[in-house]
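I have placed the structure first, in the form of C-alpha cells, so that the comments after it can refer back to it.
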2 protein chains.
Amino acid sequence: MTPRKSKSRPTINEVAKRAGVAKTTVSHAISGKRPVAPATRERIFKAMGDLQYSPSPIARRLAGSPSHTIALVLPLASPTFADVEVRYIASIGAVVNQHGYTFLTLTAPQVNVDDLRQIVYSGLVDGVLLMRIQQKDERVKLLRETDIPFVLIGRTRDNKGLTLVDLNGEAAIGLAVDYLVELGHHSIGFICPEDLNFAFAYRIVKGFEKSCAKQQLPRIMSPAVWSADAGYRATLALIEQHPEVTAIIVWSEVVTVGAVSALRDIGRKVPDDISVISFDRSEHLHLASADLTVIDTRPEAVGGQAAQMLINLLEDKPLEREQILMPPLLITGKSTAHCTNGQVTLPKPA
Amino acid sequence: MTPRKSKSRPTINEVAKRAGVAKTTVSHAISGKRPVAPATRERIFKAMGDLQYSPSPIARRLAGSPSHTIALVLPLASPTFADVEVRYIASIGAVVNQHGYTFLTLTAPQVNVDDLRQIVYSGLVDGVLLMRIQQKDERVKLLRETDIPFVLIGRTRDNKGLTLVDLNGEAAIGLAVDYLVELGHHSIGFICPEDLNFAFAYRIVKGFEKSCAKQQLPRIMSPAVWSADAGYRATLALIEQHPEVTAIIVWSEVVTVGAVSALRDIGRKVPDDISVISFDRSEHLHLASADLTVIDTRPEAVGGQAAQMLINLLEDKPLEREQILMPPLLITGKSTAHCTNGQVTLPKPA
DNA sequence: GACTTTACCCAAACCGGTTCAACTTGCTTA
DNA sequence: TAAGCAAGTTGAACCGGTTTGGGTAAAGTC
C-alpha cells in the first residue's frame, strides 16, 4: 500500500521558479491558450529543458484536460476471442494509435454495467467504443446518461441519437440466400444464433426469415450458441431433421468450424453434396477446409470507421454521418456449387 | 479538445454530505487506515451505494496513493490472438478484478518501448505485467530502470532480481519427447519456432536438442513462424526431407492447425501413420482433429500466478518465491499411438 | 488627451482524492 | 483526582496541473 514515488519528477512549480514566472504562465506557454511574450516563452522552454520537465498526465487529467485515451469495451463472453474480434481490436488499435491516442481494451470476463460505470467515472478515458451490443443494452443506457462520447459497433433496438457503425446484417444474410438460390438451391438450412438478445443475431435471423419469404423457401433453422461444439451438434440436428437441404449458411466462423466437422463426419462432401456459406472470414477455417465461400463481415472497415468517428467526436470535428451501415461482401470460394437437383441421392448418415 | 465533464460523477464530497460526515471520514472508511465507528461506516457505505460512488483513480494517484490499476502489456504481434493468449488475458483479468484492481490491456500493435515508457511514466498504473518476453528485451531494461513493480510472464536471458512466472519450456518439450520414445518412436520431428529471440521459443528448441541427445535421437526440425500457414509448409517440408518420422511435435496450437491439414492432405493418418503432439490446448484444434495429445502450457495457472504475485508486490506482501517455473502437463489424447515399427509402408505423398 | 484595446502576467480557485495535526470524548490508570 | 491514552472525527494542507478573472503597461483609436 505504500505509495511509490517515481523519483520525484520536476513539477511545473520548479519550472516556473527557475524561469522567474508564475506557474500560470508556464501552463500558457505550453498549451498556447494565452499569449506569452517570446522572450518569456524562451526562458520557460529553457528551464523545462534544463529540468527535463514533462507535465504529469495525472494532474492534467484531474484538472479537466482530456487524457487522450479511449477504451474498447469488449466482454470476454466465450472463453476465447474469435478471429473476427481480434481483427476488430487490431483495426481499432491501428486507427487510435495513428491519431496519437492511447488504446485500452477493457476485457473483464463479464463487462457488466458496474464495471463500465467505474471506467466512465474514473475519468481514465475520454471516449468509449462498445461492442457486442444487445437488443436491450444496459450499457448503452448508462452511457446515454453520462455525457462521455461513445460509439457503438452494432445497434440496439432503439438507436435514436446514437453514433454507431454496424454491418448490415439483413443484407448479409440476404446476400447469402440470394446467391444460393441463384445457384439453384431450394432447400437452405441456417445454422443460426440462439441468443436473440445479441442484436446482430436478431437481425440476421429476421433477415433470414424475410429472405425465405421473398424467395418462397421453407424456413429451416437450427440454433447454435457461439462455439464450434454447438455448431457441430446443430448441424447434425439440422441434417437429421431436414436431410433434403442442399446448402447451409452458418452464422459465425466459430460455429462453422463445428459445422464443417459434422458434415465431414456424416459423409456429406462439400460442395458436391452440400454447399456451405459461412459468416466472417477466418484463418483457421481457411486451412481447416480450404477456400470457403464466406460473407465477409468486414471487421476492419467497421472497427476502423467506428474508431475514426469516436476520435472525430472527441476532437469536435463534424461527422459526415451519425450512423453507418456497412454493406457486407460475398466472397465466393469452393464450398458452394450449383445444385444439381432438388433430390440427390444421399449417403446414409452414420 | 474541449474537456468533457461527466454529468454527475459522484465525488467523495457528495458522499460525505449525504452521510453527514467530513470527507476525511469517508476516506478513512474506505481505506480503513483510521478507525471509524461502525454506525458511521454503515451510513457512509449506504451513501456510497445510493450515489453509485467509486473513487477516481486519477485523483487518488495524484494524491500520492496507488491507483489500483495494473496494465497487461501484450503487443499484437500476429494478426490474431491465439487461444492461449486469450486464456492468459482472461485468467489475469479474473485475479486482478477479484482483488479490486482495475485491469487494462495495453494492446499496442508493436513491441514499442516508447509506449511502455509513456505508460510507466504517466503514473497511471501501479504495476505492469509483461508478456512475450524476448531473450534480450528492451522493455525489461526500461522497467528495471524505473521503480514501478512489474512481473514477467516468461524469462529473458538474464533474470537476476526479476520477479517472474514462466512455463518450464525445457520440461515441456522433454515431456513430449519422452512420451513418444516410451511409445516406441525413434524418429521424431519437431515443427519448431523460427524466431529464437522469443525467449520461450529459444528454450524449447534448446530443450529439444537436449532431449534428443539424452534419448540418442536424430535432431529433426523444421521451423515455422507463428501461423497455421507456416505450420502447413513446415510440415510438408519436414515429411519430404524425413519421410521416416513416425511422430511430430508442434510448438504451438496455431501452427498445429496447419500441420494437421498438411498431414491430411498428404494422406498420413493420425495416429496410425504418424503421431502428433501439440503445444497448448485449443478449442479449434480440439474440433478440427478430435482429441489431440497436447502439452498443456497452462496459461491459467501461469497468468493467475503472475497476477497474484504482482498484487502481492503492490501490497508489500511477501512472496514465497520470486521466480516460479510452472511444470507443464501432458494430456494424452488420440493423436498419439505406439509406433508399430521403425519402418512402415508409407503412402506416396501427393 | 482621454478611451479603448491588446499583450502579457499573475493570484486564486479548482479537480477529487489522501494525509497530518488537532480536537473531542470516554475510559484507564497512577 | 488528575493525568494519560485510545477511538472517532474534522479542517486544512497538499498532489501538479488548468482555468478564470483581474491588473498593468504599451499600443491603437478618435
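A, B, ... follow the sequence lines: proteins, then strands. Residue 1 opens every chain.
Axis deviation across the helix from C:dG1-D:dC30 to C:dA30-D:dT1 amounts to 50°, comparing end segments of five pairs, rounded to 10 degrees.
The distance from atom CG of B:N159 to atom CD of B:Q323, rounded to the nearest 0.5 Å, is 5.5 Å. If you take CG on A:L51 and CZ on A:R18, they are separated by 5.5 Å, rounding to the nearest 0.5 Å. We find the CE-CD1 distance between A:M48 and A:I30 to be 4.5 Å, quoted to the nearest 0.5 Å. One distance of note links CE of A:M131 with CD1 of A:I89; it measures 7.5 Å at 0.5 Å rounding. Between A:Q134 atom CD and A:R139 atom CZ the span is 6.5 Å, to the nearest 0.5 Å. A distance of 13.5 Å separates CZ in B:R132 from CG in B:N197, rounded to the nearest 0.5 Å.
Between A:I44 atom CD1 and C:dC10 atom C1' the separation is 12 Å, expressed in whole Å. Going from atom CD of B:E14 over to atom P of C:dC15 covers 10 Å, rounded to whole Å. For the pair A:I58 CD1 and D:dT18 P, the interatomic distance rounds to 13 Å; values are reported in whole Å. Between the CD1 atom of A:I12 and the C1' atom of C:dC10 there is a distance of 13 Å, given to the nearest Å. Distance CE (B:M48) to P (C:dG16): 16 Å, rounded to an integer number of Å. In this structure, the NZ atom of A:K17 is 14 Å from the C1' atom of D:dG16, given to the nearest Å. Atom-to-atom, CG of B:L62 to C1' of C:dG17 comes out at 8 Å; the value is rounded to the nearest Å. At whole-Å resolution of the value, CZ in B:R60 and C1' in C:dT18 are 10 Å apart.
Within the 4.5 Å cutoff, the side chain of B:R155 has heavy atoms near those of the B:L325 side chain.
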Nucleotides 8-11 of chain D: which of its N/O atoms have a protein N/O under 3.5 Å away?
{"from": "D:dT9", "atom 1": "OP1", "to": "B:T40", "atom 2": "OG1", "distance (Å)": "2.6"}
{"from": "D:dT9", "atom 1": "OP2", "to": "B:A37", "atom 2": "N", "distance (Å)": "2.9"}
{"from": "D:dT9", "atom 1": "OP2", "to": "B:T40", "atom 2": "OG1", "distance (Å)": "3.3"}
{"from": "D:dT10", "atom 1": "OP2", "to": "B:A22", "atom 2": "N", "distance (Å)": "2.9"}
{"from": "D:dT10", "atom 1": "OP2", "to": "B:T25", "atom 2": "OG1", "distance (Å)": "2.7"}
{"from": "D:dG11", "atom 1": "N7", "to": "B:T24", "atom 2": "OG1", "distance (Å)": "3.4"}
{"from": "D:dG11", "atom 1": "O6", "to": "B:T24", "atom 2": "OG1", "distance (Å)": "2.8"}

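The one candidate from A:L124, A:D126, A:V125 that meets the side chain to side chain contact (heavy atoms under 4.5 Å, CB included) condition with A:R61 is A:D126.
When heavy atoms are screened at a 4.0 angstrom cut-off, B:S27 is found touching base atoms of the nucleic acid.
For C:dG17, the OP1/OP2 oxygens have a side-chain nitrogen or oxygen of B:Y53 closer than 4.0 Å.
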Show me, pair by pair, the donor-acceptor contacts under 3.5 angstrom made by side chains of residues 299-308 of chain B, not counting sequence neighbours?
{"from": "B:E300", "atom 1": "OE2", "to": "B:R87", "atom 2": "NE", "distance (Å)": "2.7"}
{"from": "B:Q308", "atom 1": "NE2", "to": "B:N312", "atom 2": "OD1", "distance (Å)": "3.3"}

